[in-house]
4 protein chains.
Amino acid sequence: MKFDQNKPIYLQIVEFVMESILTKQYQTEERIPSVRELAVALEVNQNTILKAYEHLENESIIYKKRGIGYFVDQQGYDQIMNIKRAEFIQHTLPDMFKNMQLLNISLEDLKSYFQQLNNSS
Amino acid sequence: MKFDQNKPIYLQIVEFVMESILTKQYQTEERIPSVRELAVALEVNQNTILKAYEHLENESIIYKKRGIGYFVDQQGYDQIMNIKRAEFIQHTLPDMFKNMQLLNISLEDLKSYFQQLNNSS
Amino acid sequence: MKFDQNKPIYLQIVEFVMESILTKQYQTEERIPSVRELAVALEVNQNTILKAYEHLENESIIYKKRGIGYFVDQQGYDQIMNIKRAEFIQHTLPDMFKNMQLLNISLEDLKSYFQQLNNSS
Amino acid sequence: MKFDQNKPIYLQIVEFVMESILTKQYQTEERIPSVRELAVALEVNQNTILKAYEHLENESIIYKKRGIGYFVDQQGYDQIMNIKRAEFIQHTLPDMFKNMQLLNISLEDLKSYFQQLNNSS
DNA sequence: GTGGTCTAGACCACC
DNA sequence: GTGGTCTAGACCACA
């Protein structure tokens, strides 16, 4: 996996796990990869994975069973939705609207970008 | 001026100068405040201002004359637009579209958010 | 290491690192000394080393990994060659030819200087 | 006149005057432009011209008559030749030979560069 | 006056 | 451990 050097790696891993849960790759109450496994898979220090998992644990998205591993919390999916929705409305949207004004981009332009991205992916 | 504690001050100053140019408060080829002046005005160290100015100089947004000061580059305005546009298309947009899919938000929803923000401001 | 008092120390460090790469003392993708290490070794402030490294990073000669260190960029060697070649052709050469005319020195004279220097070294 | 922002302007003016003397545009014992005149002509601060003239005076290349102006010294021409020759041999040449080795440029290559420049000028 | 370099030292986030 | 930000203050060359 390639990481953006401008954002903390552990936060990018948090994102990665969140998306895996949102897309149901990790189901509710299912065990997620161990710290070691993921560290090897992503070619990252174990401490970095641990920090990401602790972060997710603090947000009640995953929980750990001692000696066994980390599991997707029952309320994990909903928690992620809440967090993502809040961030979207409080940061992503205002930020985007501000830039649209500065760059003179209209909602119509947005629509065509949207279609372009959909076609290419 | 109050600074966001989560972002480097010098980058916030970079933003500040860019917006001053975008809004024509600093005109093309006009002299911008000296390092010392701005340091006093913003209550930060001179080195912090200098770092911001050097950053802007690297992006060809401002240039310096020895012993005189910093000036808005002829192509400064366009450079800022290029930078902002690139960031918008490469990061803001894909990020937003991805979140829209995950959060199940449609373009129609976006439109109504847009109108809400416009009314309230 | 002794520094020439007429040139900024950080630029002399830039030169030093470049030559270490050119002479293969630092190999491609190899880690170079940490900011602190080099600061101690050269007896200068950490900020001075950092400034040199940032300069080299801007020229795509080295790159950094968060929390790990600086590494020689894949294209580092070529970049240095490009920079040095450009400087040679745009500055050193025209400067020399101009002086040769003013001082009435011919290409033949140059050849003998060249041989003198080679013999003495 | 356009100045290289990387070198002190007053030194570039020193160069300019030296070349004017070498090419006999300013003859021995002839009066050179007044500080004010040259300042206007080159669009530079008078202090800058003054600094250049004082520098040239220190090297016995020009001398001043109070209330009248600056004049090319009797030994001015020879002085310039000495200075330029010394600099050429001590700095320009070794610097160039060093770069030639690093860049893998031979004396033959130099010859062709030389002819190119002669043709284009 | 202007920008620029450098230091010593503190403090931070990240790996 | 790593890089990075920031400060206070000194000192310099240049216009």
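Every chain is numbered from 1, with letters handed out A, B, ... down the list of sequences.
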Whichever of Asn45(B) and Val35(C) has the more 5' nearest nucleotide on DNA chain F, that residue is Val35(C)

Tightest non-hydrogen contact, residues Leu42(D) and Phe3(D), listed as O-CE1, 3.9 Å

Contacts of Thr48(D) and Ser34(C) projected onto DNA chain F by closest heavy atom; the upstream (5') one is Ser34(C)

- request: Remember a base hit wins even if backbone is also touched, and classify Val44(C) as base, sugar-phosphate or nothing at under 4.0 Å, heavy atoms.
  value: sugar-phosphate

Between Ile13(B) and Ala52(B), the two heavy atoms sitting closest are CG2-CB, 3.7 Å

Between the NZ atom in Lys7(B) and the OH atom in Tyr10(B), the distance rounded to the nearest 0.5 Å is 11.0 Å

Here the distance between atom P of dC12(F) and atom CD of Gln46(B), to the nearest Å, is 16 Å

Hits for side chain to side chain contact (heavy atoms under 4.5 Å, CB included) against Leu50(B), two or more places apart or cross-chain, chain-then-number order -> Val35(B), Glu54(B), Tyr70(B)

Assign each of Gly67(B) and Tyr10(A) the nucleotide of DNA chain E bearing its closest heavy atom; nearer the 5' end lies the nucleotide of Gly67(B)

Scan Lys51(C) against the nucleic acid and name what it touches under 4.0 Å (heavy atoms): base, sugar-phosphate only, or nothing. sugar-phosphate

- Does a side-chain heavy-atom distance below 4.5 Å link Leu22(B) with Tyr77(B)? yes

Q.
What contact category does Leu50(C) fall into here, base, sugar-phosphate, or nothing, at under 4.0 angstrom with non-hydrogen atoms?
A. base

- Name the nucleic acid region contacted by Glu37(C), choosing base, sugar-phosphate or nothing; use a 4.0 angstrom heavy-atom cut-off, strictly under. sugar-phosphate

Stems for DNA chain E (at least 3 consecutive Watson-Crick or G-U pairs, under 3.5 Å) come to E:1-14 with F:1-14

To the nearest angstrom, the CG-C1' distance between Asp4(D) and dC14(F) comes to 14 Å

Comparing Arg36(B) with Asn47(C), nearest DNA chain E nucleotide closer to 5' gives the residue Arg36(B)

From CZ of Arg31(B) across to C1' of dA15(F) the rounded distance in Å is 12 Å

Hits for salt bridge (Lys or Arg N to Asp or Glu O under 4.0 Å) against Glu19(D), two or more places apart or cross-chain, chain-then-number order -> Lys98(C)

Checklist entry - Are Ile62(C) and Tyr26(C) side-chain neighbours, meaning at least one heavy-atom pair lies under 4.5 Å? => result no

So the salt bridge (charged side-chain N to carboxylate O under 4.0 Å, His left out) pairs with at least one residue in residues 74-93 of chain C (sequence neighbours excluded) are Glu15(C)-Lys84(C)

The first and last nucleotides of DNA chain E lying within contact of chain A, meaning any atom under 4.0 Å from one of its heavy atoms, run from dC14(E) to dC15(E)

Whole-Å distance, Ile9(D) CD1 to dA15(F) C1', equals 7 Å

Contacts satisfying salt bridge (charged side-chain N to carboxylate O under 4.0 Å, His left out) that involve residues 27-52 of chain C (not counting sequence neighbours) are none

